[in-house]
2 protein chains.
Amino acid sequence: MPTYTAPTQDIQFLLHDILDIAAQDIPGYSDLDRDFTAAIVEEAGKLAANVILPTNRTGDQQGCRLENGVVRVPDGFREAFDALREGGWTALDCDEAYGGQGLPAIMRTASNEAFVSANMALNMYQGLTHGAYLAIHKHGTDAQKDTFLPKLVSCQWTGTMNLTEAHCGTDLGLMRTKAEPQEDGTYRISGEKIFISSGEHEMADNIVHLVLAKIPGGPDGVKGISLFIVPKFLVNEDGSLGDRNGVRCTGLEEKMGIHGNSTCVMTYEGATGYLLGAEHKGMRAMFTMMNDARAGVGLQGLSQAAIAYQNALAYAQDRLQGRDITGAKQPDAPADPIIVHPDVRRSLMEQKSFVEGGRAFAMWASMLLDRAERTGDEATEGLVSLLTPVIKGFLTDKGYEYATQAQQIYGGHGYIEEWGMSQYVRDARIAMIYEGTNGVQALDLVGRKLASGGGRHAMAFFDHVKGFLKEAGQDDELSPAILDPLKAASKDLQAAAMFFMQQGPKDPNAALAGSTDFLHMFGHVCLGLMWGRMAVKAKAMLEAGEGDADFLRTKIATARFYGRRQLPLTGALLKRIESGSEPVMALEAANF
Amino acid sequence: MPTYTAPTQDIQFLLHDILDIAAQDIPGYSDLDRDFTAAIVEEAGKLAANVILPTNRTGDQQGCRLENGVVRVPDGFREAFDALREGGWTALDCDEAYGGQGLPAIMRTASNEAFVSANMALNMYQGLTHGAYLAIHKHGTDAQKDTFLPKLVSCQWTGTMNLTEAHCGTDLGLMRTKAEPQEDGTYRISGEKIFISSGEHEMADNIVHLVLAKIPGGPDGVKGISLFIVPKFLVNEDGSLGDRNGVRCTGLEEKMGIHGNSTCVMTYEGATGYLLGAEHKGMRAMFTMMNDARAGVGLQGLSQAAIAYQNALAYAQDRLQGRDITGAKQPDAPADPIIVHPDVRRSLMEQKSFVEGGRAFAMWASMLLDRAERTGDEATEGLVSLLTPVIKGFLTDKGYEYATQAQQIYGGHGYIEEWGMSQYVRDARIAMIYEGTNGVQALDLVGRKLASGGGRHAMAFFDHVKGFLKEAGQDDELSPAILDPLKAASKDLQAAAMFFMQQGPKDPNAALAGSTDFLHMFGHVCLGLMWGRMAVKAKAMLEAGEGDADFLRTKIATARFYGRRQLPLTGALLKRIESGSEPVMALEAANF
């Protein structure tokens, strides 16, 4: 069975040595000293390893069951969820006015990786609640906030997002769910929503559904969509629970993974809903929480790869099979551990450099999100919105790929459910799909974000890379290993962006045909930037005699691997992109 | 639910227009005219689509159950298996002396793709039987052949391969299963084997286990391993079934996929075994069927991607979501089919170019195997042994990747088991692991095959590519699109091989650290060669007014895609390889 140790040292290194959070001029950051963040990350890690992890396989095996409209969650889920909410973890970065702890979002990211690694399906119950909290916090009336936020912050009530219908996923303009205005100012919601994560379960006293629907007579397409709060139980004026609302779970999906999370068909039959935000402005309200939600999904991809890697590494150090080609490493044992084999090592280094580089990327992006939210800085907000599809798309595509590689380290045992590696692959798979498929992320990146603000967010990103490289200067060890490859990769990325700009006016398909390749290039440049930063800092610390020398040397070696083995991929991706739309679009749809 | 249509036109094109089988000087090939092969491929396709495919999801859902030592297979499996064997499909390329039809192996490949696409788990019962047939046919005594072969050919009895033990997978030298010689010339087999596919089930009257074991007192390691025939029921002299032998299934694995195939723990307690081949030469006997078995696993990867692609394409042509960015394609419908979106098209082209290129590669390799087997030509045998790890490793790595991409086309529906796409991914996953993990394939390719015969098989391959390019000459359309990229990719591959040769003496890890990248480069060059051939032939046929013009033009367009979008990857893989072993091996195992 898989084990787990939270990456406390790594996260502390990122928070303090790389991001230097306590010195940032972001409200709330000055309190985040080393001891404080260590305590949080360590406690989260303990809870994850001791209480949450033991529920992961049970959740996968038992799944959720729908019995007479009630969804039963797997054994142990309620107790683990209680531990999460009673420990205050769901309230970490919520508004103190509603019972939250008011910490910056970066502390949520720093602690959440452990929870998601330990049980992704379970953590979704709080993840979606956090999304509902954000939406109501941003767009709700004072009365709505007072009614719903304290319960969502504590996770006594949980939240959901209701977007998809059977015939309408990405294209929400096709939506059919109706919201008819009533004389008392409420709306009657009718329709059927599918793929509603945490849509129904028995771990909360109430469930607060956020539902996209169309008010009859409004504009066509996405411009006529509004957002509604539809609680499972209506709430009386005194805050007590009233009548059961006209919404129920009419089906549970049988899925490839995340079995412990209830994926529901939700049927609305004249349910009472309360408009959240303005009429017909539902999409805008949804979008305000999208950066947060997509970053959360990116973290899911990363987390599954992280725990899968941790276990693959332990297996590779333990499993005896074959001999080191350069001479037996454990001559007294019947064979050497498989970590001696270069191809096993190659795979572990790919996993490690992705997991640690991706973690750095997620933490940096989380800090940027805090800056944008807490200072209102527009340039940072632009950068966050540019990076968001990269975080979501790259960390989940690669999270799945490396969870698969980790499973591969186990040989035949990796395919057996008992060993737990299959579940990481199956659970990680959904993160490439939901919250906008990765193809939609690539479209968002290339079709919208790249050119937004006249391209100045992209320019700012490239300037940021250049600034870092200039500051890092020339270094005999680091330049050939990571800094020069980063420079080359960043140039490749700029060349691709330039190609899109030149082709765009005459051939809009040219950019879109290369969008996924571009997203992957962008991801490599971001991780390359992270590895550049980590290597430069690690070297400076070593020279100053600071920190844990083994840890720092390992960072430099891993950075070298990323620079020499991963960054060169951008050159090939650029070539693909520069072949334009013709090879992609040449066939008529009927001739496939 | 997934549907299936066998790729008859494509296979006919490969057999006759590309490989020109009837003109080959390979015994048995001259009979393979168009009508004959069309009849076989079409019949196989019908059986696959109408009888076998309907059992695929049932098999996944029900799995196998172990009840008092008996393994129950899923509903419908027995009937479908009966149809397979009663139709003579299991006997297709078997020796006529034992009831086979004596056709070349290429016809097995041509028909088997449909069966594996339709139900991979079911087809494994006949696949392993074929392996046992080959081993006994090659190494058995006349008496052994007479006793076992007719029943294996008809699949009235099925076969298994028993290699793995809990502590010993790749490293068979660690084996503990014992074979004690008896006075009557038989052996008493004792030990426990795991991961035995089709190890026990109720669809055959007898099961013929081929078991690797050590005769006490023999040489250490793999040099002391012998191969034994251990039937579930002993066979009387008159061919009737006798006593139950001391072998039983003591456990069934719960797996990520191929649920319909029984993966057994087999316990041998003094079972009667018959030596197959010479004492201590068991590994050699196993290796003789390895080219065939590994090619078969490669076909599994390809087949799962093939049926997944077929369904993803249909979904993409049907699912309405969003609009073509260059203008609505179906203005009267609420939205356009998603195939209009360039990133969806990109994914479908990647899948299509892999599936059709991989199919060509598998068929070509199958013809080479026939030539090697039927003419004893050593050069061809060397080429086959060089290509075998590429077929196994590349077609299964990519088969999984493209099954995943096909699933992605379905968006959220792809994650729901009911739609069937998850199963293709889960089933395809095992093919990267068993019959030697893909890391072991890469090791075999780089550590053994590349240099075997003084490197002359590799030289022969490169000469073959050069010969094709020379023959194809310069072509304004095809040179920039596919022929030049193939030339460049082949040069990259040679440069990598050269790098290995130069580094090898001083740093044996250098080649092994790049082995997986090399295998993937090799795969791309092979598929590039196939696309080059197909494009050149298609163009010649179009110019001559032969064949189906739409089909041929589609081939050329797909070849262009492969040349422009996939072959450039070899450049990046070469760079990774040329970074040598240092980035991979820099960390001490303890410092990960």
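This is a predicted model, so every value here is computed, not measured. Lettering follows sequence order; numbering is per chain, from 1.
Separation of atoms CZ (B:R560) and OG (A:S579) is listed at 11.0 Å; rounding is to 0.5 Å. Interatomic distance, CG of A:L174 versus CG of B:L320, reported as 8.0 Å (0.5 Å rounding). Atom-to-atom distance recorded for B:D517:CG and A:D343:CG is 8.5 Å, nearest 0.5 angstrom. Between atom OG1 of residue B:T170 and atom NE2 of residue A:H341 there is a gap of 8.0 Å, rounded to the nearest 0.5 Å.
Chosen from A:Y434, A:F561, A:F195, the residue pairing most often with chain B at heavy-atom distances under 4.5 Å is A:F195. Taking chain B as the reference chain and counting heavy-atom pairs below 4.5 Å, the highest number among A:T570, A:L172, A:I258 is found for A:I258. Counting heavy-atom pairs closer than 4.5 Å to chain A, the top residue among B:Q423, B:E401, B:E418, B:M432 is B:M432. Ranked by heavy-atom pairs under 4.5 Å with chain A, the list B:S353, B:A442, B:G414, B:G322 is led by B:G322. With chain B as partner, the option from A:V340, A:I433, A:T558, A:I430 having the largest number of non-hydrogen pairs under 4.5 angstrom is A:I430. Of the listed residues B:A586, B:S347, B:P337, B:G411, the one with more heavy-atom pairs under 4.5 angstrom with chain A than any other is B:G411. Of the listed residues (A:G571, A:A513, A:P508), the greatest number of heavy-atom pairs within a distance under 4.5 Å of chain B belongs to A:A513. Of the listed residues A:R553, A:E578, A:E582, the one with more heavy-atom pairs under 4.5 angstrom with chain B than any other is A:E582. The choice from A:T516, A:I577, A:L569 that makes the most heavy-atom pairs within less than 4.5 Å of chain B is A:T516. When B:P334, B:G169, B:A557, B:S515 are compared by the number of non-hydrogen pairs under 4.5 Å with chain A, B:G169 comes out ahead.
With a threshold of 4.5 angstrom between heavy atoms, B:D507 does not approach chain A through any atom at all. Contacts of B:Q310 with chain A are absent, with no heavy-atom separation under 4.5 Å from either backbone or side chain. Only the side chain of B:D550 has a heavy atom closer than 4.5 Å to any heavy atom of chain A. Residue B:T326 touches chain A through its side chain alone, counting heavy-atom pairs closer than 4.5 Å. When heavy atoms are compared at a cutoff of 4.5 Å, B:A511 does not approach chain A at all. For a residue to count as touching a neighbouring chain, one of its non-hydrogen atoms must lie under 4.5 Å from one of that chain's; by this rule B:L313 touches chain A with the side chain only. Interface residue B:A589: backbone and side-chain heavy atoms are both found under 4.5 Å from chain A. If you measure heavy-atom distances from B:A510 to chain A, you find no contacts under 4.5 Å at all. For chain B, the nearby part of A:A590 is the backbone; its heavy atoms alone come within less than 4.5 Å. B:H413 touches chain A through backbone and side chain together, each having a heavy atom under 4.5 Å away. Residue B:K255 touches chain A through both its backbone and its side chain, counting heavy-atom pairs closer than 4.5 Å.
Each of B:V446, B:L512, B:L443 was compared with A:P342 under the side-chain contact (heavy atoms from CB on, under 4.5 Å) criterion, and only B:L512 meets it.
With a 4.5 Å cut-off on side-chain heavy atoms, B:M585 and A:R345 count as touching. Between A:H167 and B:Q321 the shortest side-chain heavy-atom distance does not fall below 4.5 Å. Considering only heavy atoms from C-beta on, B:Q408 comes within 4.5 Å of A:R429 through its side chain. Proximity of A:I339 to B:F592: side-chain heavy atoms (C-beta onward) are separated by under 4.5 Å at one or more points. No side-chain heavy atom of A:R564 sits less than 4.5 Å from a side-chain heavy atom of B:R576. Under the 4.5 Å side-chain criterion, counting only non-hydrogen atoms from C-beta, A:L567 is not in contact with B:K575. At least one side-chain heavy atom of B:Q407 sits under 4.5 Å from a side-chain heavy atom of A:M256. Contact of the B:V584 side chain with the A:R565 side chain is registered, since non-hydrogen atoms from C-beta on lie closer than 4.5 Å.
Counting non-hydrogen atoms of neighbouring residues, nucleotides and ligands closer than 6.0 angstrom, the CD atom of A:Q330 exceeds 12 such neighbours. For A:E477, the CD atom is densely surrounded, since the number of other residues' heavy atoms within 6.0 Å is greater than 12. The local environment of CD in A:Q61 is crowded, with over 12 non-hydrogen atoms from other residues, nucleotides or ligands closer than 6.0 Å.
Applying the side-chain contact (heavy atoms from CB on, under 4.5 Å) test to A:R323 and every residue at least two apart in sequence or in another chain returns A:A328, A:D336. The side chain to side chain donor-acceptor pair (under 3.5 Å) check on A:Y424 picks up nothing, with sequence neighbours excluded.
Residues A:T554 and B:N591 bring no donor and acceptor atom of their side chains to less than 3.5 Å of each other. A:T404 and B:Y400 share a side-chain donor-acceptor pair at under 3.5 Å.
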Take B:R57 and A:E254 through the test salt bridge (Lys or Arg N to Asp or Glu O under 4.0 Å) and record every step on the way to the result.
CA-CA 13 Å; B:R57 172 130 168 81; A:E254 189 199 334; 3.6 Å; yes
